[in-house]
Amino acid sequence: MEPTPIKSVLDDTALTGTTLTVAGWVRTFRNDRFIALNDGSTIRNLQCVIDQGKVDAAARARFTTSAAVKCTGLIVESKGSGQRVEMQVTAVEVLGDSDGEKYPIQPKKHSLEFLRENAHLRFRTNTYSAIFRIRHQVSFGIHEYFDSLGYNYFHSPIITASDAEGAGEMFRVSTLDAKNPPLNEDGSVNWKEDFFGAESRLTVSGQLQAELSALALGKVYTFGPTFRAENSNTARHLAEFWMIEPEAAFMDLAGDMDLAEGLCKHLIARVLKNSMDDLQFLDARLKEEEAQKPKEQRSELGLIDRLKFVLDNPFERITYTDAIEILLRSKPHQKKQFQFPVEWGIDLQSEHERYLVEKHFKKPVIVTGYPGKIKAFYMRTNGPGDFGYSDKGTTVAAMDVLFPGIGEIIGGSQREERLDVLEARMKDMGVDEKELWWYLDTRRFGTVPHAGFGLGLERFVLFVTGMGNIRDVIPFPRTPKSAEF
RNA sequence: UCCCUGGUAGCUCAGCUGGUUAGAGCACAUGACUGUUAAUCAUGGGGUCGCUGGUUCAAGUCCAGCCCGGGGAGCCA
């Protein structure tokens, strides 16, 4: 008999009174009688009650933590108080034993650091199974959102021969012998002999390719792995992460902001609708964790309340110039508590973003109109009348969406569609035009205003799950000096 | 990469100004238990004190270097 998902057994009242089979992994075995069985379909366990007259002691001794077990029996209303229904087991089979002495995950609280070191088994815990069910909901919701708006899922390449994407250090992809590469006469490596006939790398962004397709298909989005070889050792960075990059022709910056805010809210609404029991578990986990922090570091809202708050309130939209004004008038600036100086022209530091989001507005904030000098070459230069224009210096139609506790979760912009302005800006910023001839062609042939953004999937999952470390929301984290499993 | 901090049993930790056989709780094993909810009770086994070198009569404890984790910063998503 095909095993029934435990989620159905617990939720579908029509199944009460029927005999069926479930299969899963033992969480605990209590009183030599009660198996708490989890099959991953839900965070909740099914209590499987063993008849000691039918299952001998030797068989019962095999119901150890994380052993795989198949149970068949009658679903009845529970005599105990902890659950609505339970199974009266008539036949039980151990599919896979788990040596209690060697199995590292115990039925007790573990530190996340320890579980990270056992990343191959951490999915067996409530916390991680909840996280990865939610990650699925977010991933699926992304496709759902863009599909509903007529966007095409577009696959940008993972290997690229261009190093002008301008979003950070890249990993090299090569089949050359690292110890003895073919050399040019001047002693440099002869990449023409490499697999692709050119020095090639892993992508840091699919944006440029997404732009090419947006100027034909109209609306596209990419959703795939992205790589950064930055030596970043923080709870918010990964060397391999998943990024969502929509790009739409005929869309301006305001439309871009609407799209970004709409996506965030759609995803939160979906998770609230489909993952409530996982959220409740994570909410309780977070409360417990926060109870150990000093009062001033605790957040005012619990996880679920926080999600509802973001869903129900419009994101604040301010210009970079206004943000600087707010920071200059702020208490921490006047008391000289900021580590970095505040003046027009600087890039906003983490402490500044955190002040704006967590102290001043207390909700997600979209900052637009950053100085051109600190933003990428492809962003559109603002003119008088454009939102974010400033007489203090050149600004571009960039937007950063800042979330509480995480900082920048989305970075986007309206792109520079004017060939002459783009070329001048590339020259200014030292970007090689020759390498990007194909990109510039879009501006030569039927260029139109267009815009897009990049959303880091893991950062979003971090926010939705209330977790603090990005390594806990991707199944197999890749970070400097760490790529096990 | 920089600053701070840590590494002692399977896990979470204690171990004083260096001192003789390194502790606790949980987990695990064995036994008991027919209504338990991270069950409970009894008994028991379990340690290269991160690694390397140094100081010393003596190092878990002091010093140096390295490795790894955590928090913060930079870079960014």
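Throughout, protein chains are lettered first and strands after them, A, B, ... in sequence-line order, and every chain is numbered starting at 1.
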May I ask you to evaluate whether A:Q349 reaches the phosphate of B:G74, defined as a side-chain N or O under 4.0 Å from OP1 or OP2?
yes
Note, RNA chain B 5' to 3' with Watson-Crick or G-U pairs under 3.5 Å encoded as ( ), [ ], | and . gives (((((((..((((.....[...)))).(((((.......))))).....(((((..]....))))))))))))....
### Message
Does a side-chain N or O of A:R30 approach OP1 or OP2 of B:U36 to a distance below 4.0 Å, or not?
### Response
no
query = Does a side-chain N or O from A:T28 land closer than 4.0 Å to OP1 or OP2 of B:A38, or not?
reply = no
* Asked: Looking only at N and O atoms, is any donor in the side chain of A:E113 or the base of B:G6 less than 3.5 Å from an acceptor on the other one?
  -> no
- prompt: When you check the phosphate oxygens OP1 and OP2 of B:G74, does a side-chain N or O of A:S350 lie under 4.0 Å from one of them?
  reply: yes
message = Between B:U1 and A:N233, counting only base atoms on the nucleotide and side-chain atoms on the residue, is there a donor-acceptor pair under 3.5 Å?
response = yes
When you measure from the side-chain N and O atoms of A:R471 to the phosphate of B:G70, is any distance below 4.0 Å, counting only OP1 and OP2? yes
message = Looking only at side-chain N and O atoms, does A:H237 offer a donor or acceptor that is under 3.5 Å from a partner on A:T234?
response = yes
task = Report yes if a donor N or O on one partner sits less than 3.5 Å from an acceptor N or O on the other, where the partners are the side chain of A:R33 and the base of B:U34; otherwise report no.
result = yes
*Assert yes or no for the condition that the ring centre distance of A:Y221 to A:H143 is strictly below 6.0 Å.*
yes
Pairwise P distance for B:U1 and B:C57, with rounding to whole Å
39 Å
Which value, in whole Å, describes the distance between the C1' atoms of nucleotides B:U20 and B:A73?
-> 47 Å
message = Any base atoms under 4.0 Å from A:S111, or only sugar-phosphate, or nothing? Heavy atoms, all strands.
response = sugar-phosphate
Quiz prompt | Heavy-atom donor-acceptor pair, A:S232 side-chain to B:C76 base, under 3.5 Å | solution = no
